[in-house]
Amino acid sequence: MNIETITLLTVFVPIIGSLTIPLAGLISGKARSAWSVLLGGATAFLPMLLIPTALGGGETIIRKEFVLGLDFILVIDPLSIFMSIVSSFIGFLIIVYSLGYMRREENQNEYYLLVVLFIGSMMGLVYSANLIFLYLFWEIIAVCCWRLIGFYRLKEYVKKADKAFLITFFGAVVMLLGFIQIYGQTGTFDLTAMRGAIIPGSAVLLILFGLFSKSATVPLHTWLPDAGIAPTTVTALLHAAVLVKIGVYAYARLFLYGFRLPGAWPDALPIIAVVSSLIAAGAATIETDFKRILAYSTVSQIGYIFLGFSVANTTGVNGAWLFILMHGLAKAGLFLCAGIVIHATHKRDIRDMGGLMKTMPVTGAAFLLCSFSVIGIPPFGGFFSKFMVIMGTVQSGRIALAAVALFTAILTMYYLLRTFALVFMGEAKVAAPEKSFSMVFVVGLLAVLSLVSGLLVAWPAKLTTAATASISWWLR
Amino acid sequence: MIFLYIGLPLIVAAVLPLVGKVSKKVLPDVLANGVFLFLFAYAVTGARGLLAGGALHQTFAWFGEPLGIQIAVDGFSLFMLTVVALVSACVGLYSISYMEHYGAKANYYALLLMMVAGMNGLLLVTDLFQIYIFLEVAAVASYALVAFGREQAELEAAFKYLMLSVVASAAVMIAIALLYGLTGSLSFTGVAEGLRQLDAKAAGAIASALFLMGFGLKAALVPFHAWLPDAHPSAPAPISAILSGLLIKVSGVYAMTRIFFHVFGLTPALSDVLMWTGTVSIVVAALLALKQRDMKRMLAYSSISQVGYVVLGIGIGTPLGIAGGLFHLLNHAVAKSLLFLTSGSVQQATGTRNLDEMGGLAKRMPVTSTTSLIGSLSIAGVPPLGGFWSKLLIIMALVQSHRPVLAVIAVLASVLTLWYYLIMQRQAFFGKLNERWAAVKEAPFWMAASTIVLAVLCLVLGLLFSSVVSTWIQPAADVLAQGMGM
Amino acid sequence: MNPMMLLWTILVPAAAAALLALIPSRVKVVRELLAVAASAASLVLAIQLFGQKTLEWRPAWMGGGVDFELRLFPFSAFILLALAGFLLLIAVYSTAKMKDHPHVRIYYALVFLSAAMANGAVLSDNFVPLVFFWEGLLVTLYGLIAIGGKASHRTALKAFIISGFCDFCMMMGIGILWAKTGTLTISQISVHPTGLFAAAFVLMMIGAAGKAGVMPFHTWIPDAAIDAPVAFMALMPAAFEKLLGIYLLARLSLDVFKIEKGGAMSILMMTVGAITIVLAVMMALIQKDLKRLLSYHAVSQVGYMILGIGTGVAAGIAGGIFHMINHAMYKCGLFLSAGSVEHRMGTTEMKKLGGLAKAMPLTAAGFTVCALAISGVWPLNGFVSKEMVFHGALETGYTGFAVAAWLGAIFTFASFLKAGHSVFFGKPSEERPAVKVKESPIAIVVPILILALLCITFGVYNKLPLNGLIAPVLDGRVEAGAHLDFTSHALDLFNPVAGISLGCLLLAFLLHAYGWKKGGKKPYLASEPIHKAPGLKTIYGWAEKRVFDIYEQGVVFLRGLSWVLFHGIDRPIDFVYEKAVTSVGGAMGGLLSKAHNGRYGNYLAWCLGGLLILAAVISALV
Amino acid sequence: MATLDIVLLSGLVLASAFAVLAKDLIKAAVALAVSSLLLGIVFFRMNAPFAGVFEISVVAGLITVLFILTIALTRTEGEVRESKTVLRVFPVFFVLFIAIDALVMKGLTAKIATLPAAAESGTFGDVLWKQRTFDLIGQLAVILSGVFAVLALFRKRDKDE
C-alpha cells in the first residue's frame, strides 16, 4: 500500500467506522467493544507503517479541489506521522482501558462512537494542511469532547461540559477569524503554499486565542480542570494524551512549518508559556481533587511544550516533540491510575484516601513511575524531553525563563509526590482491592513504556529529529 | 410549465374542502403531499434543464390571443422554488401524524397549499403589483394557519400578526405607488429603466425605506421583529416550521433582494443599511434568545438572528457575500424547520413547551433528540454541518470587503448562538431523565421520518457543500451579482 | 581490554538489581548469595579496570552533541574501585541486618541499581549521561528511604526534593556551559570561571555539593538516619554520595573550571566548607541518638573535603580528596557499628545504652578505631588527611578557615568521647532494654573490622594511597619536582600544625570530662554545658524547631506562592467565565426582553420608529 | 380646488380615526361608511371613475350593511373597555405624522414628473383583461385563501380535537 492510501485509511477508517459502532451495539455489547477495539487498533497500527517515510524526511501532498479555494489537502511529513502515531497509540490504549472501566455504564454506544470519532478527527487534523479543514476537524473534536465531558448527564456536569465547549468554540471561532484574515492577505487557505509568509500581528493574536483555548494555556484554561467530572478514560484521552496536544501541534504546524512570527511575538510567547505553566503548577499544589490536580498538571506541562516550540531552536523544538510523546504516555498513566483509585474508592478528594499501596501495589508503582516521568527524572523518558526543552531555552539566551521553568519543575515534583504520598502511603482509610485486569494491565504497560522510552530514547529521538529538521524553515 | 408551481397548488386547494367531506384524513394527506413531492421532484430534475439558456420568460395565450400573464424564472427564483418545495414537502409529511388531533385536516392542507401557491407566485412574478398580491395571498393563508388551534393565545397572536402585516403591506403599497408615480410602469425592467433616467435620489430613498420597512417586517428584522416571537410559538409546529423556514425568507428576504438588486440596484448606502440592520438583528435577537424558557420562543428569536445573517450576507453585495447569504438561507430553512418540527414532537409527547419542566428526553426520544442536536449544531455553525460553511462564506466576504468590525460581531454572535442552543439541549435532551416523562414514547412514524430526512439533509449540505454551492447557489448569486439583469 | 568493559560496570549491577527484584521474598539464601556474588564480580571488574589506566567508549546516542561517552582515567578508576568496595561490604552486611525486613526484595534491587547508576555517573564523560545517571540516583534514594518505615515517606519526599533542587541547579549550569562552549563532552571543556561561567560553576557546585550533603542541603540526612534502614545510611550518605559529590566537585574545580588559589570561587568554597564544618559539628554534639549524631558528623566532615579542594593548593586538594576516601571508610564503619548495636539492642538512644563493650567487644573495638580516626588521632588515616587540609588552609593565607577546621576537630572528638563513653564504656544505664546482649553475627561484625583495619593501614602507610591513588589526579597542579610524600612531614609530631591539633584533642577531652562530672556522671549528658550555654541555647532551640531547615521553609514558600497563584490568578479567571459572562449575557437578555410586553401599541411604535430611522439614514447616505 | 381636496382628505382621516376610537360599534360602522364615501369622492375628483364606483358601492354600501346587520343580530355586552391613554396619545401622533408627511411630500412632488396623461392607453376593461390578467389570478387566490380561512376558523369542533 503506498503512502497515500495508508494516510487516507488512517483518517477515514476511524471516522466512518465510528458511525457504524451503534449498529454493532445493536448486535451485542461484546460485538461493539470488539469492533471499537478493532477500529482503535487499526488506527494505531496504520501510521506505524509510515515510519520509514517519516525517517526519510520527505513530504507528499494529497489534494482534492473544492469550490472557492476550500480544497481538501493532506500533507504527509515526519511532523504529522509522529503526531498520528503518538495520539492514535495512546488513544488505542485508552479504548482498551475503557472496556473495563465503562462495563456497567449506560449509553456505551454513544461513548465508543464519540471516542473513535475523536481519534479519527484527530488523525484528520494532524494530516490536513488546509486551514479550513484543520478548523473543521478541530470543531468535530470539540463536539465529541462536549458530549464526552457531559457523559454522566448530571445537571452540574452538563453545565461544565457546556462551559468547556463554549470556551473552546469561542477560541476556535476567533482562530477562524485569524485564518480568514490571512486568507484576505494571501488569497489562499493552503498552508503548503504559504510557507515562510509573514502574517499580520493581529492574525497571530487571533490564532493564538484558538490555540490557547484548545491547549488550555492560562488565560483560557479553566475548562480543563472542570472537565475532570467526565469519566476517567475521557479525561485521560482529553487531558493527557490527545486533545491538549492538538493546540500545541497546531502551533508547530502554523508557526514553525508555516508562517513566520512578526514583531515582538517570538519573544512574548516563551514568557506566556512559562507563566502559564507556573500558575497551573501553583494551582495544582493547592487543589485537593485528584483529577483536578492532574488536569492542572497537564496545563503546566503543556506550557513546557509551548516553551520548547516558541524558543525555535533545534534543541528546544526537538525536546518539545519528545515531550509530546513522553508526557502523553506518562500523564495517560497517571490519569488511568486515578481512574482505578476513584473507581475503587468512589472518592475524589485525595485527603480521604490513604495507604492504598498495600491493596493496590501495581497501580501505586505505576503511578510513582509515571509521576517520575512527568517530573523529568531519569531513567524515564520525561527527563530527556524536559532536559532538551530547558537546554533549548538556555541556548536561546533566555536564562531567566529557564530558571522559572526549573522552579516549576520543582513545584511539579512537590505536588505529584505529595499526591502520591497522600493517596498511596500512610495508613489505609479505605480498603480498596485492585479492579479489573485490563485496567491494571494498561496502567502497568504505560509505566513500563515510560521507562523503556527513557532507556531506549534513541529511537523516538530519530523520529523527532526528522520532524524537527523537516518543519524548521529557519534551519534552511 | 413553470405556471404549474402556482396553478397546481391552487387547483388542489380548491378541490380539497370538497374531498375533505368524502374522506376525513387519508385522501387530503395523499393529495397534498403528492403535490408537494411532485413540485419538489420537478424543481430538482426538470427545471434545471430549462435554465440552460439563462432566464426563462413564459407568456400564455388564451384561445389564441396573448394574455397579460408574464412569469419568469432565473437561477435565483429557481433556487428559492427548490427551497420552498423541499421544506413544504417535509412539513407536509410531518403534518400527516401531527395534525391528527387538530381535526379539519382538509382545511389545513387547503390553507397550506394556498400559502405555498402564494410563495411560488411571489417567486415567479416580474411585476411590482403582482408581488404585492401574492404577498397578500401567502399572508392571509398564514394568519389563518397561525390561529388554526383556535385557543385564546393563538387567536391573540394571529390577530397581532395580522395587524402588523397589514401595516407592512400598506408600506409596500405606498412604495409601489410612489415608483409607479415616478416611472409610470410596474414591471421590474420598466421601473428600473424609469428610475435610471429620472435619477430621483430623494424619492428613490423614500421608496427603498418604505420597501425596507415593509419587507423587513415580513422578514422580522430587528426593529420590526416583535410579532414573530408571539406568532410562531403559538402556531402548530408544522406551521411555525414553514413560517420560520420559508415565509419570512420568501416574502421578506427574497422580495427585498429582488427589488433592491433588480429595481433599485444595490447602492453602497443601501448595502450599508442592509448590513447594519442584519448585524443588529443578529446580536439583539441572540441576546433575547438567551433568556427564553419556552423552547419555541427561543427558536423564534433564533430565526430572527439567523435571518439577520442572511440579510448581512446578501447586503455585502460581493458574489461571495451573496453566495454565503443564500447558502445560509438554505441551511437555516432546513435546520430551523427541523428544530421546530422536533419541538412539535416534544410538545406532543410531553404536552409542555417550558424548558425548565423538560429534562433528559434523549433517553425516551432518541430520534427526536439526535435530529434536534444536528439541527442546533448546524445553525450554531459547527462543522461539518451545513451552517458552518455558509457562515464561513459570509465572514470571508466580510473580511474581503474590509469590514472587520462586522466580521468580529458576526463571529462572536455565533458563539452566542451556540450558547443558547447548548442551554436548550441541556434543558431538554442532554441530561438526567425527569421522572415525569418516564412513560414518554418516541414521536409517531411520519413525524420521526420527516425529522430524519431533514437531519440527513443538514449533514449532506455540510459534507457535499462544494457541489451544493456550485450547482444551486452559484447560479443564484451570479444572477444577483449581475445587478440589473432579469 | 575492549571499551565495552566500561558498559559492563553499569550492566552487571543493573542486571543483578533486576534479578534480585524478581526473586520471591521467601527464598532468602539464594538472594543473599546472589547479592554478595554480584558485588564481588563488580569489585573484580573494578580492579581489572583500575589497572587499565585510560579507556574510552563514545557511541552516538541522540545526536546534536548528546552522545553516550564513557571515559576511564585514573581518578574515575579509583572512585570506581572505592564504590565497588563499599558495595561489597554493604552487601555482606545486609545479608544479616536486612534478613527479615518486609521490603527486602526492593531494598536489594535498589541498592544494586544505585550502584549501577553511581558507576555510570563516575564513568560518563558527556554531561547528558552524567545527569542521566546522577538524577537516576534520586529514584533509588526515594525508594530506599520510603521502604524504611511507616512514616518514612515524608522524609523520602524531603530528600527527593532537596536533591532534585540541587540536580536542577546543576542542569541549569550544564545548560549555560553547553550554550557557551557548544560542546557537552566534559573532558573537552576547560574555561576560567568569570562572568556567566562563574554562575555556571556556582550552579554546578550546588549540584555536586548538594549530593555530597553540604549545608544547607543536608537537612534530609539526620531525618533519614531515623527513618531509613541503617544499611542505606552506611551506603548512600556515608559512602556513595560523598564519593560522587566530591569526585564531581574535584573534576569541576580541577579540569573544567581551573580554580586558582585565592580566586573568588575558591574563597566561596572555603567559606561553605568552614561553615559546614562548624555548624554541623555543633549540632552533632548535642544529639541524643547515636545515628543522628553520626549523620551530622557525616555532614560536618564534608566541610573538610570542600575546604581542602577550595584551597586550590596541591596539599589542600590532595588532603580533601584523601579525606573523602578516609571519611567514607570510617563513617561507613561507624554507621555499621551503630547498626550492629541497633541489631542487638533495638535502639540507638544513648540514654538507654551503656557498658556494651564487654558484651560486644568486636563492635566496640571497631567503633573506637573509627571514632579515633574521625577525630584525627595521630596514626590513623583521619589525622593524615586533616593535617593536609590544615596545611592547605594555612598555605592559602586565610587562617580563619584553619581556625574553623580546628574548632570542628575539637567538637568532633568531644562528641565521639560522649558517644563512645555513653554507649560502650560507661556504666549500663537503668533503662537499658532487658535483652540478652551478645555480639552481632559474623556478617555484621566482619565489615566493621575490615573498615577499621583499612583506617589503620591508610593512616600508617599513607604513602601508598597518596602516591598510588591521588597523585595522578593532581598531575597538572603539582610542580614537577615536589613529590607528594607527606609521610615525613605529617608524621612528624613536632611541627607546629600537628601541635595545635594535639592541643585541640586535649581541649576536647577536658571539655568531655567537665561535662561528664557536671552531668552527674551520666556520659550522655556530657554535652549539656555547651547545649545550655547562654548564647547557644536560643540558637539550638531554633534549630530543634527546624527554623534553619531549607526544606521546611522552602515548602512554606512554595505553598504560599501556589496559594497566591491559585486564588490570585486562577480563580478570578474562572470567575470571569462562570459568573461574569453568564450574568452579563442574562442581564442584557433580560433588559431586552422586558421590552417585549406583548402590547400591540409598542410593536407598532417600533415599526414606525424603525421606518423613520431608515428613511433618514438612507436619504442621508444616498 | 386644492382646498376641497384637503378638506375631503382630512375628513377621511378624522372619520376613520373616530371609527377606531368610538365606544359603540354601531357608531364605528357608520363612521367607516362615511370615510369610504369621502374616499370615493376623492377617486372621482382624480378622474378614476371605476375606482370611485367600486369604492362607494362595495365598501360604503355592502360592507357597512353587513357590519350593521351583524352588530344588530349579536348581543353587544356593553362597550369595549378601551384604555384612556390612547385618547391622549393619538392626537400628538396624528399631528406629528401629518407634519412629516407634508414636509416629505412637498419635497417629493417637486421631483415627480407629472405622469404622462395616457401612459397606459385603453379602457379599464382591456387593461384589466388584456394587460393585467395575471392580477385576476392573484385576486382569485386571495379570495380563495380568505374563504378557506373562514372555513378553518369557524369549523365545528369535531370529536377528536
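Here the structure is a predicted model, which is why all the values come from computation and not from measurement. Labels below follow one simple rule: chain letters A, B, ... track the order of the sequence lines, proteins then strands, and each chain is numbered from 1. Only this structure's heavy atoms are used, side chains among them; waters, hydrogens and symmetry mates stay out.
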Quiz item: Heavy-atom distance under 4.5 Å to chain B: side chain of A:V143, backbone, both or neither?
Solution: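 Side chain only.
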
Side chain / backbone / both / neither for [X] at chain A, heavy atoms under 4.5 Å:
{"X": "B:L398", "value": "neither"}
{"X": "B:V469", "value": "side chain"}
{"X": "B:F388", "value": "side chain"}
{"X": "B:L393", "value": "side chain"}
{"X": "B:L377", "value": "side chain"}
{"X": "B:A323", "value": "neither"}

When heavy-atom pairs shorter than 4.5 Å are enumerated against chain B, which of [options] gives the highest number?
{"options": "A:I132, A:L176, A:D71", "value": "A:I132"}
{"options": "A:N107, A:I140, A:L136", "value": "A:L136"}
{"options": "A:F137, A:W146, A:Y157, A:Y152", "value": "A:W146"}
{"options": "A:K159, A:E106, A:E65, A:Q185", "value": "A:K159"}

Practice problem: Before giving the answer on side-chain hydrogen bond (donor to acceptor under 3.5 Å, both in side chains), spell out for B:Q425 and B:S376 the whole-Å C-alpha distance, their side-chain angles and the decisive distance to 0.1 Å. | Solution: CA-CA 8 Å; B:Q425 287 295 326; B:S376 323; 2.9 Å; yes

Return the option, out of [options], with the maximum number of heavy-atom pairs under 4.5 Å with chain A.
{"options": "B:R426, B:K432, B:Q474, B:Q400", "result": "B:R426"}
{"options": "B:V382, B:L385, B:L320, B:L392", "result": "B:L392"}
{"options": "B:P384, B:G359, B:G360, B:S470", "result": "B:P384"}
{"options": "B:L433, B:V415, B:L373", "result": "B:V415"}

Check whether the side chains of [X] and [Y] place a donor and an acceptor atom closer than 3.5 Å, and report yes or no.
{"X": "A:S128", "Y": "A:N130", "value": "no"}
{"X": "B:S390", "Y": "B:Y309", "value": "no"}
{"X": "A:S202", "Y": "A:Q181", "value": "yes"}

Quiz item: Using 30° and 60° as the class limits, which term best fits the ring planes of B:F465 and B:W389: parallel, tilted or perpendicular?
Solution: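 Ring orientation, 0 to 90° scale: parallel.
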
Quiz item: Can you say whether the rings of A:Y183 and A:F189 are parallel (under 30°), tilted (30 to 60°) or perpendicular (over 60°)?
Solution: parallel

Quiz item: Measuring from B:T370:OG1 to B:I452:CD1, what's the distance to the nearest 0.5 Å?
Solution: 8.5 Å

Practice problem: Let me know which of A:I141, A:I167, A:L220 forms a side-chain contact (heavy atoms from CB on, under 4.5 Å) with A:K214. | Solution: A:I141

Quiz item: Please walk me through it: do B:Y421 and B:S302 pass side-chain hydrogen bond (donor to acceptor under 3.5 Å, both in side chains)?
Solution: CA-CA 9 Å; B:Y421 273 118; B:S302 161; 2.5 Å; yes

Practice problem: List the atom of B:A477, the atom of B:P319, and the distance in Å for their closest heavy-atom pair. | Solution: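 For B:A477 versus B:P319, the nearest heavy atoms are CB-O, 4.1 Å.
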
